[in-house]
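Position 1 is the first residue of the sequence, and the numbers go up from there.
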Amino acid sequence: MYIISSIKSPGVVQVQGKYNRLVWGNPKLKQEKLEHLKWLFDEAGINHEFYGQEVEAKVWEKFSFISPVASLTSLTHKSMGSIMANEELKLQLQQLMQELVLVAKAKGINLPLDMVERNLAVVEKLPQEATSSMERDFASGNRTELENLTGYIVREAEKFGLPVPQYQQVYEDLRQRQQTL
């Protein structure tokens, strides 16, 4: 799911921004089930894109965006606009994206060659005040997705013997912060 949203109150999700879509697929489902799901999404007016066998790469395309953005906004407590306006932070975001792409490649996931550039272009288009749900969870002392969004990349890099110094540092700093919450 590509969406910027927050929980406004119990049972109420507030959507921010206009870049909302669902990317989906499941190579294990029968064609008739897939057609039914497509019909349901169409009837509900949901902006969606179906990918059959390529769904894993599409999931990683999203992950290559959300993991670095969530990690850095959580670490800095800065909005995406503030990160992009600061050359040092923008470079750090780019490095996080590059490290993630290396991990994906080691796992056999073929991301587009210009994935980092695409992701940075998306960040530029988002509302300047946008952060990430993980940043908002850290700020409010809630449970976070740290292990799934940041720790996962560190652990996968270790499996392949890949250096991911930016991810390692951000992960350690956020783990320390989370332990004090």
Item to complete: Kindly compute the distance separating CG (L146) from OG (S74), expressed to the nearest 0.5 Å.
Response: 8.0 Å
Fill in: R155/E158 salt bridge by N-O under 4.0 Å criterion
no
Worksheet item: Looking at NZ of K58 and CD1 of I109, how far apart are the two atoms once the value is rounded to the nearest 0.5 Å?
Response: 12.5 Å
Practice prompt. For the residue pair L149 and I66, establish whether any side-chain heavy-atom pair is separated by less than 4.5 Å.
Written response: yes
Discussion item. How close do E61 and N119 get, counting heavy atoms only, and between which atoms?
Written reply: O-OD1, 4.3 Å
Fill in: Flag side-chain contact, heavy atom, 4.5 Å: K107 against F160
yes
Item to complete: Test P112 against every option in N110, D114, V116 by the side chain to side chain contact (heavy atoms under 4.5 Å, CB included) rule and name the one that passes.
Response: D114
Worksheet item: Within a radius of less than 6.0 Å around NZ of K33, do more than 12 heavy atoms belonging to other residues, nucleotides or ligands occur?
Response: no
Practice prompt. Could I get the full list of ring-ring contact (aromatic ring centres under 6.0 Å, His included) partners for F41, not counting sequence neighbours?
Written response: W24, H48
Worksheet entry | T131 and T73: side chain donor to acceptor below 3.5 Å | no
Discussion item. Is the shortest side-chain heavy-atom distance between Q92 and L89 below 4.5 Å?
Written reply: yes
Worksheet item: Is any NZ, NE, NH1 or NH2 atom of the basic residue among D42 and K38 found under 4.0 Å from an Asp or Glu carboxylate oxygen of the other?
Response: yes
Discussion item. Restricting to non-hydrogen atoms, name the atom on L111 and the atom on S64 that form the minimum distance, rounded to 0.1 Å.
Written reply: CD1-CB, 4.3 Å
Worksheet entry | In one Ile/Leu/Val/Met/Phe/Trp/Tyr side-chain cluster, 4.5 Å: M97, L91 | no
Discussion item. For V170, run the side chain to side chain contact (heavy atoms under 4.5 Å, CB included) check against P68, S71, P165 and tell me which one passes.
Written reply: S71
Worksheet item: More than 12 non-hydrogen atoms from neighbouring residues, nucleotides or ligands closer than 6.0 Å to CD on E88, yes or no?
Response: no
Practice prompt. Please work out whether the ring planes of F63 and W60 are parallel, tilted or perpendicular, with thresholds of 30° and 60°.
Written response: perpendicular
Worksheet item: Looking only at heavy atoms, what is the nearest atom pair of L93 and I83, with distance?
Response: CD2-CG2, 4.3 Å
Discussion item. Would the distance check show the side chain of E99 and the main-chain N or O of Q166 forming a donor-acceptor pair, the cut-off being under 3.5 Å?
Written reply: yes
Item to complete: Please check if any side-chain donor atom of R177 sits under 3.5 Å from a side-chain acceptor atom of H77, or the reverse.
Response: yes
Worksheet item: Got a second to check how far L120's CG is from R118's CZ, nearest 0.5 Å?
Response: 12.5 Å
Worksheet item: Once you round to the nearest 0.5 Å, how far does CE of M80 lie from CG of L72?
Response: 10.0 Å
Fill in: E43 CD to H36 NE2 distance, which is reported to the nearest 0.5 Å
10.5 Å
Item to complete: Return the minimal non-hydrogen interatomic distance between N26 and L34, and the atom names on each side.
Response: O-CD2, 4.0 Å
Practice prompt. Report yes or no: does S79 contribute a side-chain atom to a donor-acceptor pair with the main-chain N or O of Q128 at less than 3.5 Å?
Written response: yes
Item to complete: Test side-chain contact (heavy atoms from CB on, under 4.5 Å) on D173 and Q169 and set out the steps.
Response: CA-CA 6 Å; D173 290 349; Q169 186 62 55; 2.9 Å; yes
Worksheet item: Between L102 and I153, is there a shared hydrophobic cluster once you connect ILVMFWY residues whose side-chain heavy atoms come closer than 4.5 Å?
Response: no
Worksheet item: Is the shortest side-chain N to carboxylate O distance from E172 to R175 below 4.0 Å?
Response: yes
Discussion item. Looking at K90 and E124, is any side-chain nitrogen of the basic one under 4.0 Å from a carboxylate oxygen of the acidic one?
Written reply: yes
Practice prompt. Please test F50 against L37 for side-chain contact (heavy atoms from CB on, under 4.5 Å), starting from the C-alpha separation and ending with a verdict.
Written response: CA-CA 10 Å; F50 170 75; L37 288 170; over 6 Å; no
Discussion item. Counting C-beta onward and ignoring hydrogens, is there a side-chain heavy-atom pair between E147 and Y171 closer than 4.5 Å?
Written reply: yes
Discussion item. Looking at K78 and E135, is there a salt bridge between them, counting it only when a charged N and a carboxylate O are closer than 4.0 Å?
Written reply: no
Discussion item. Taking T144's backbone N and O only, do any of them form a donor-acceptor pair with Q178's side chain (distance below 3.5 Å, no angle check)?
Written reply: no
Worksheet item: Distance from L96 atom CG to Y167 atom OH, nearest 0.5 Å?
Response: 5.5 Å
Discussion item. Which heavy atom of S132 sits nearest to which heavy atom of A70, and what is that distance?
Written reply: OG-CA, 3.5 Å
Worksheet item: Does any non-hydrogen side-chain atom of L174 lie less than 4.5 Å from one of M134?
Response: yes
